[in-house]
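Below you'll find the structure, written out as structure tokens, and then a few comments.
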Amino acid sequence: MTGKLIGTIAHRGAILVYIAFALFPLFWLLKVSVTPNDLLYSEGVRLWPSRSTFDHYHFVIENSAFPTFFKNSLIVASSTAFAVTVFSSLAGYALSRFRFRGKYVIIALMLITQMFPLVMLVAPIFKMLSPLGLTNSLTGLVIVYTAFNVPFATFLMQSFFDGIPKDLEEAAMIDGASRFTAFRQIILPLTLPGIAATLGFVFTAAWSELLFALMLISGNASATFPVGLLTFVSKFSVDFGQMMAAGVMALIPACLFFLLIQRYLVQGLTAGAVKG
Amino acid sequence: MASIELHSVGKSYGDHPVLEGVDLNIDDGEFIVLVGPSGCGKSTLLRMIAGLEDITSGTLAIDGQRVNDLKPKDRDIAMVFQSYALYPHMSVAENMSYSLRLRRKSKEVIDAAVGSASQKLGLDPYLARRPKALSGGQRQRVAMGRAIVRKPKAFLFDEPLSNLDARLREQMRAEIKRMHAELGATSVYVTHDQIEAMTLASRIVAMNAGSVQQIGSPLELYDRPANLFVAGFIGSPGMNFLEGRLSQSNGVSEIVLSNGIQVSLGRHVARADGEMVTLGIRPEHVVAASSGTGVEAQVELVEPTGLGVILHLVVHGESFKLFSTDRMLMQAQGAIHVTLPQSRLHVFDKDGVRISEDDV
Amino acid sequence: MSYHQVAGTRTGGKRPLRRFADAAEPWFYSAPVLVLIIAVMLVPLLLGLSYAFRDIQLLNPFSGGFVGLKHLKALSQDAAFYRALKNTLWWTGASVFLQFFFGLILALLLDKPFAGRGIAQALVFLPWAVPTFLAGLNWAWLFNPVIGPLPHWMVSLGLLSAPNNILADPQLAMWGPIIANVWWGIPFFAITLLAALQAIPRDLYEAAAIDGANPLQRFISITLPFLAPTIAITILLRTVWIANFADLIVVMTNGGPADRTQIVASYIFTQAFRRLDFGYASAIALVLLVLLLAYSMLIVVIRQRLIEKD
């Protein structure tokens with residue numbers, strides 16, 4: 001019995017170590033962001049400052065373009081998440097339900113897109129988008145991000161669809177629905193967890209993307225949060241409190257989304273694993 | 001309601017045929033049961049009628065109209081699935097009314113149809129519930145209700161009772177039969193359970209390995225099975241088969257079994273002397289006789305069923321079964337005497353095809 | 001009967017229009033995705049490959065001519081590239097191994113039901129949601145002795161002699177991005193492996209326990225064989241992904257100090273963004289792509305061999 005108890009304690013202890021390791025950097029970010037400047041160096045290694053302040057947040061919100069960056073990122077990330085979810089639901093459904101020539105070609109094409117360094121696409125995409133007036137535009141970013149995220153999202157959605165019995169849409173088709181109506185009215189409502197997972201995953205990815213945002217956007221007007229933060233960092237590289245306050249703000253939407261959807265991610269992957 | 005006609009309907013995946021040339025005319029109001037072991041193509045055939053599987057060759061007509069190219073939604077048929085396939089995110093009432101809502105029927109029409117169906121099926125207290133909150137039997141009723149609300153041309157059933165426990169299955173079987181009597185709807189019912197087939201069907205289509213073995217009323221299949229497959233499939237416990245050689249003398253045929261025992265058929269069978277044949281007799285037709293008549297058989301095993309008893313017997317190395325409701329036989333041990341009544345004997349030729357009594 | 005005439009002309013088959021509509025249906029569903037990945041990924045990929053043989057300076061309108069193998073020749077004599085290649089091996093190998101190792105342990109810990117598992121799972125997976133550039137900045141700050149506690153702690157533990165920034169130390173700098181990468185990447189392995197673990201039928205463990213297997217034997221004889229395919233495919237994909245993953249390095253060290261943390265992917269980034277020489281950057285990317293494809297092929301072949309041996 002004691003052996004079992006020791007095992008339980010070791011198990012919980014190990015979990016706690018992991019949680020501490022996962023959260024510590026984020027905690028530190030938060031801590032520095034609320035530390036007044038005069039205490040920053042004197043209380044460098046303390047776990048929590050003796051006084052806390054929101055001055056850094058005020059400064060960042062009032063004296064920088066962060067509200068614009070925030071808005072831009074929100075637009076880009078939600079439009080991308082929406083577009084990817086729509087397209088990947090359709091394609092994931094096709095891969096899950098139809099047997100057709102070319103299915104494996106589609107899968108192969110999508111796998112190839114996961115293999116090469118995306119850096120390679122920067123110049124060609126820039127050259128393709130600029131005559132269309134899509135550089136320095138949020139629309140351009142949304143198109144690029146949508147394409148980048150659609151392959152993984154399609155596989156994810158496919159595994160969710162695979163978990164829903166075919167009988168249901170057959171019953172609907174016999175009840176008088178076309179396949180597309182059955183898809184919309186019967187299958188999609190049952191895939192809500194999968195849709196949530198895809199939305200959250202893509203939102204987080206689009207919210208975080210730096211490389212193409214740096215390349216395709218110049219100027220503050222349509223800069224996204226990562227670009228803004230990086231410019232901010234290089235400009236005010238000594239004011240740690242303000243940088244970290246900006247960092248915390250960048251973190252919040254992504255983390256909120258992730259916490260909402262993370263359990264569906266495991267579910268979706270399990271469904272995928274079950275079918276082999 | 002409508003008739004359904006299948007004219008050499010076949011199905012293959014690439015070069016691999018799964019169903020070959022089925023001819024079947026289903027009259028308006030008939031209850032047809034497709035029966036056979038799993039993988040025999042009965043479900044595929046049903047799904048072809050529903051429009052869920054493509055028809056590779058042949059013609060399918062509903063109400064005299066060719067429907068090969070029609071989508072399921074345009075065929076006006078209803079189907080009850082083995083899994084019930086109830087929409088989990090809809091209430092019972094919504095499940096039942098879905099087809100009518102798709103057809104944009106007025107609210108009054110929908111309410112009336114759902115109301116009368118739910119009353120018929122005793123679902124009134126459950127209309128607001130989700131399928132998850134129902135028992136297996138109730139789900140089965142909802143699936144039935146969903147089919148009957150729209151008064152389709154035909155009902156298709158794909159093993160609708162196989163997920164129920166034995167008791168409920170019996171109850172629902174009777175209910176389906178009652179409902180058919182009431183609605184008179186053309187129905188096609190797939191099952192692997194020969195009892196369901198016998199009790200429900202106006203005609204049974206027995207299938208095996210992708211082809212139709214026999215079409216006929218339940219009693220025809222029981223009394224005059226067309227071949228060894230049907231003979232063995234219909235009836236429980238299964239028919240006894242004994243192999244032997246035909247011996248003709250004075251216009252009366254006899255079968256010499258491999259253990260040397262001679263069984264007189266009491267009639268002439270139009271086959272050559274010495275041909276290999278199979279003799280069939282159902283366990284319930286083997287008669288336990290008083291000593292001195294028939295042949296002596298060793299009792300190997302006694303299986304009481306409550307209603308009666310199944311005896312596993314051996315005569316000179318040939319085993320076969322006897323079923324009787326005579327309780328005295330439960331004490332049987334050692335040897336008993338049995339006879340095989342001539343009128344109950346079935347004879348099949350070397351290809352397994354029944355040698356008909358009229359075949360002179 | 002009317003249908004017999006129709007049937008007579010063509011027994012069975014469907015009308016061509018319906019046949020076409022049926023065949024086209026899956027393509028309607030997948031068309032948007034196909035168009036997107038072809039237009040925004042595969043066409044640019046081919047263009048990018050062609051850039052490796054052209055003179056592409058982004059801001060120079062007169063560039064664009066074909067230069068043949070010039071970039072590749074220059075690359076073959078580029079010492080910085082070889083250093084980056086070596087660093088890539090080190091970066092990728094260490095990151096993948098540590099992510100996998102700690103990810104597997106985490107997945108095993110989370111596979112056991114316990115009170116609060118849902119919350120614990122959400123918290124340990126949280127780093128994955130942190131934008132990579134922010135993860136890089138965050139860890140750079142933690143390693144900064146002015147603002148971060150890590151140098152001081154490492155001195156207390158005797159790992160460092162003085163509280164210096166390891167990112168500025170040529171010998172140790174690579175550990176910075178690797179630690180940040182491990183922190184950020186453990187959840188991915190843990191999620192994938194956890195999903196695979198939960199798909200293992202529980203009765204196998206019960207059967208093994210009844211047969212007298214101890215926990216370690218159960219792990220080796222049931223868990224590992226079931227996880228093996230997931231492990232193989234995840235490691236393969238992650239290796240490729242991490243070899244291509246430059247964000248953390250660009251943000252934390254920008255390849256420095258003295259190119260000690262420069263990996264091929266960040267070298268491409270430097271060439272493309274700092275020098276705007278896309279021709280040369282594409283040539284490097286082409287070589288990286290070929291190396292990664294060769295690596296994938298090798299893994300697939302080895303795996304095939306192992307399967308055949310079984």
Side-chain angles (χ1 to χ4, degrees), chain A residues 11 14-15 18-19 21-23 25 28-29 32 41 44-45 87-88 90-91 93-94 98 100 106 109-110 113-125 128 143-144 146-147 150-151 154 204 207-208 210 226 230 233 240 247 250-251 254-255 258-259 262-263 265-266 269-270 273-274, chain C residues 23 25-26 29-30 32-34 36-37 40-42 44-45 47-48 51 56 58 106 109 112 118 120 122-127 129-134 137-139 141-142 146-147 149 152 183 191-192 194-196 198-199 230 237 240 244 246-247 265 268-269 272 278 282 285 288-289 292:
Chain A
H11 177 256
I15 297 264
Y18 266 101
I19 292 179
F21 178 60
L23 295 187
W28 202 258
L29 199 67
V32 175
Y41 305 113
V45 242
F87 296 151
S88 64
L90 290 169
Y93 180 75
F98 291 96
F100 61 108
I106 295 180
L109 286 182
M110 291 203 303
T113 63
Q114 306 294 298
M115 290 295 289
F116 57 82
L118 285 178
V119 170
M120 216 172 163
L121 302 186
V122 169
I125 285 182
M128 284 167 70
I143 294 174
V144 172
T146 303
V150 116
T154 300
T204 312
W207 182 269
S208 315
L210 175 65
L230 212 62
V233 168
F240 288 105
L251 203 56
C255 288
F258 182 75
L259 290 181
Q262 52 87 19
R263 66 199 179 95
L265 267 181
V266 179
L269 289 167
T270 312
V274 169
Chain C
E25 202 177 359
Y29 286 90
S30 24
V33 162
L34 266 183
L36 267 171
I37 63 174
V40 188
M41 298 191 81
L42 298 173
L45 174 67
L47 268 180
Y51 288 1
I56 302 276
L58 203 54
L106 179 56
L109 290 173
K112 261 191 192 169
L123 292 179
V124 292
F125 288 170
L126 193 59
V130 176
T132 48
F133 75 94
L134 192 59
L137 284 177
N138 199 173
W139 278 94
W141 291 331
L142 288 172
V146 177
I147 198 75
H152 307 283
W183 176 79
I191 291 174
T192 317
L194 182 58
Q198 293 184 345
T230 312
L237 288 176
V240 172
N244 284 327
D247 296 26
I268 297 171
F269 185 83
F278 278 95
S282 292
L288 181 57
L289 179 61
L292 290 176

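Note on naming: letters A, B, ... go to the chains in the order of the sequence lines (proteins, then strands), and numbering restarts at 1 for each one. Computed over heavy atoms, backbone and side chain alike; hydrogens, waters and symmetry mates excluded.
Only the side chain of A:L118 has a heavy atom closer than 4.5 Å to any heavy atom of chain C. Interface remark: C:L109 contributes backbone and side-chain atoms alike to the contact with chain A (heavy atom separation under 4.5 Å). In this structure, chain C has a heavy atom under 4.5 Å from the side chain of A:T154, while its backbone stays farther away. For C:P127, the part lying under 4.5 angstrom from a heavy atom of chain A is the side chain only. Residue C:V240 touches chain A through its side chain alone, counting heavy-atom pairs closer than 4.5 Å. The contact between A:Y18 and chain C is made by backbone and side chain atoms together, counting heavy-atom distances below 4.5 Å. Only the side chain of C:L134 comes within contact range of chain A, with heavy atoms under 4.5 Å apart. Interface residue C:L45: backbone and side-chain heavy atoms are both found under 4.5 Å from chain A. Heavy atoms closer than 4.5 Å to chain A are found in both the backbone and the side chain of C:L123.
Chain A forms the most heavy-atom pairs under 4.5 Å with one residue out of C:D247, C:T132, C:L42, and that residue is C:L42. Comparing C:W139, C:F269, C:W141 by heavy-atom pairs within less than 4.5 Å of chain A, the highest count is held by C:W141. When each of C:G118, C:P32, C:A122, C:G48 is checked for heavy-atom pairs under 4.5 Å with chain A, C:A122 comes out on top. Comparing C:L237, C:I268, C:L106 by heavy-atom pairs within less than 4.5 Å of chain A, the highest count is held by C:L106.
A:Y93 pairs by the ring pair (Phe, Tyr, Trp, His ring centres under 6.0 Å) definition with A:F161, A:F183, C:Y29, not counting sequence neighbours. Taking C:H152 as the reference, nothing meets the ring pair (Phe, Tyr, Trp, His ring centres under 6.0 Å) condition, with sequence neighbours excluded.
A donor-acceptor pair is defined here as one N or O able to donate and one able to accept, closer than 3.5 Å; such a pair exists between the side chain of A:W28 and the backbone of C:I147. A side-chain donor-acceptor contact under 3.5 Å links C:W183 to the backbone of A:F21.
When all heavy atoms of A:A94 and C:S30 are compared, the pair lying nearest together is CB-OG, 4.1 Å. Of all heavy-atom pairs between C:A129 and A:C255, the closest is CB-CA, 4.3 Å. C:L142 approaches A:P25 most closely through the heavy-atom pair CD1-CB, 3.6 Å. Contact detail for A:L210 and C:F133: the closest heavy-atom pair is CD2-CB, 3.7 Å.
Just one of C:L34, C:I37, C:V33 meets the side-chain contact (heavy atoms from CB on, under 4.5 Å) condition when paired with A:F87; it is C:V33.
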Next on the checklist: For a side chain to side chain contact (heavy atoms under 4.5 Å, CB included) check, start with the C-alpha distance between A:F258 and C:V130, then their side-chain angles and the critical distance, and finish with the verdict.
Outcome noted: CA-CA 9 Å; A:F258 182 75; C:V130 176; over 6 Å; no
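Contact annotation: the side chain of A:M128 never approaches that of C:V40 to less than 4.5 Å [non-hydrogen atoms, C-beta and beyond].
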